[in-house]
Amino acid sequence: MVMPQPSRVVHLTAATVITVLLLGFGPGAVADEGPRELNWDDLVPASGPLEIDADGQESPEQTPVYGSGTVAALSGDNIKLPGFVVPLDLEGEQVSSFLLVPYFGACIHYPPPPPNQTVFVELEDSIDIETMYYPVWVTGVLSTERMTSELAEAAYRMAGTAVEKFEY
């Protein structure tokens with residue numbers, strides 16, 4: 001007959017727990033999660049009136065506000081955002097600054113999107129102009145700094161670090 005082994009109970013002091021946490025989760029111990037993927041609705045602040053529901057409780061009716069308002073909490077975040085390129089500066093077949101917009105033809109064939117649906121992107125390295133004909137992912141650090149060009153007003157600015165083709 002096999003006898004069950006007694007379970008081992010480990011008693012940790014607060015100092016031991018803190019030491020383990022500091023050694024295991026200190027600076028540089030946690031892996032970089034990379035940029036946070038956003039969609040265009042994430043760039044639009046929500047607001048709306050408080051409504052009273054059937055139980056007499058206040059419930060905020062949050063609706064997106066398209067326009068010039070921004071989401072200040074996103075400023076300084078490393079993000080990845082899909083969209084279309086509208087070139088602002090061309091050097092041969094290369095572009096290093098552009099507007100990132102949510103749909104093809106924005107600012108060129110149609111009226112521009114609202115400022116909080118337009119991101120001014122400045123790249124570290126230029127990209128080939130063919131990029132403007134298909135959707136892309138742009139990665140970089142976002143800020144709520146405004147920029148105005150002949151084509152549109154952007155409520156956001158991004159220091160772009162990468163542009164890659166958007167795969168469906």
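This one's a predicted model, so the numbers in the text were calculated from it and none came from an experiment.
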Please check if any side-chain donor atom of Asn116 sits under 3.5 Å from a side-chain acceptor atom of Ser68, or the reverse.
no
For the residue pair [X] and [Y], what are the closest heavy atoms and their distance?
X: Asn78; Y: Gly34; result: ND2-C, 4.2 Å
X: Ile127; Y: Phe98; result: CD1-CE2, 4.2 Å
X: Gln94; Y: Asp128; result: NE2-CA, 3.6 Å
X: Leu100; Y: Trp40; result: O-CH2, 3.3 Å
X: Thr144; Y: Ala72; result: CG2-CA, 4.1 Å
X: Asp42; Y: Val71; result: O-CG2, 3.6 Å

[atom2] on [Y] to [atom1] on [X], rounded to 0.5 Å:
X: Arg146; Y: Thr70; atom1: CZ; atom2: OG1; value: 6.0 Å
X: Leu142; Y: Leu38; atom1: CG; atom2: CG; value: 7.5 Å
X: Ser143; Y: Met158; atom1: OG; atom2: CE; value: 9.5 Å

Can you find a heavy atom in the side chain of [X] that is under 4.5 Å from one in the side chain of [Y]?
X: Leu99; Y: Val121; answer: no
X: Glu124; Y: Thr161; answer: yes
X: Glu164; Y: Lys80; answer: yes
X: Leu90; Y: Pro87; answer: yes
X: Asp89; Y: Ser96; answer: yes

Given the rule in the side-chain contact (heavy atoms from CB on, under 4.5 Å) test, do Val138 and Leu81 qualify, once you have shown the distances and angles that lead to the verdict?
CA-CA 5 Å; Val138 179; Leu81 184 67; 5.6 Å; no
Asp77 meets the salt bridge (Lys or Arg N to Asp or Glu O under 4.0 Å) criterion, sequence neighbours left out, with Arg36
What residues form a salt bridge (Lys or Arg N to Asp or Glu O under 4.0 Å) with Glu145, not counting sequence neighbours?
Arg157
Honestly curious: do Val136 and Val141 fall in one hydrophobic cluster under the side-chain, below-4.5 Å linking rule?
no
Stepwise, does the side-chain contact (heavy atoms from CB on, under 4.5 Å) test hold for Leu43 with Tyr156?
CA-CA 9 Å; Leu43 302 180; Tyr156 293 96; 3.7 Å; yes
Check the pair Ile79 / Thr139 against side-chain contact (heavy atoms from CB on, under 4.5 Å), numbers first and verdict last.
CA-CA 6 Å; Ile79 66 146; Thr139 302; over 6 Å; no
If we check ring pair (Phe, Tyr, Trp, His ring centres under 6.0 Å) with Phe166, which of these qualifies: Tyr134, Phe104, Phe84, Trp137?
Trp137
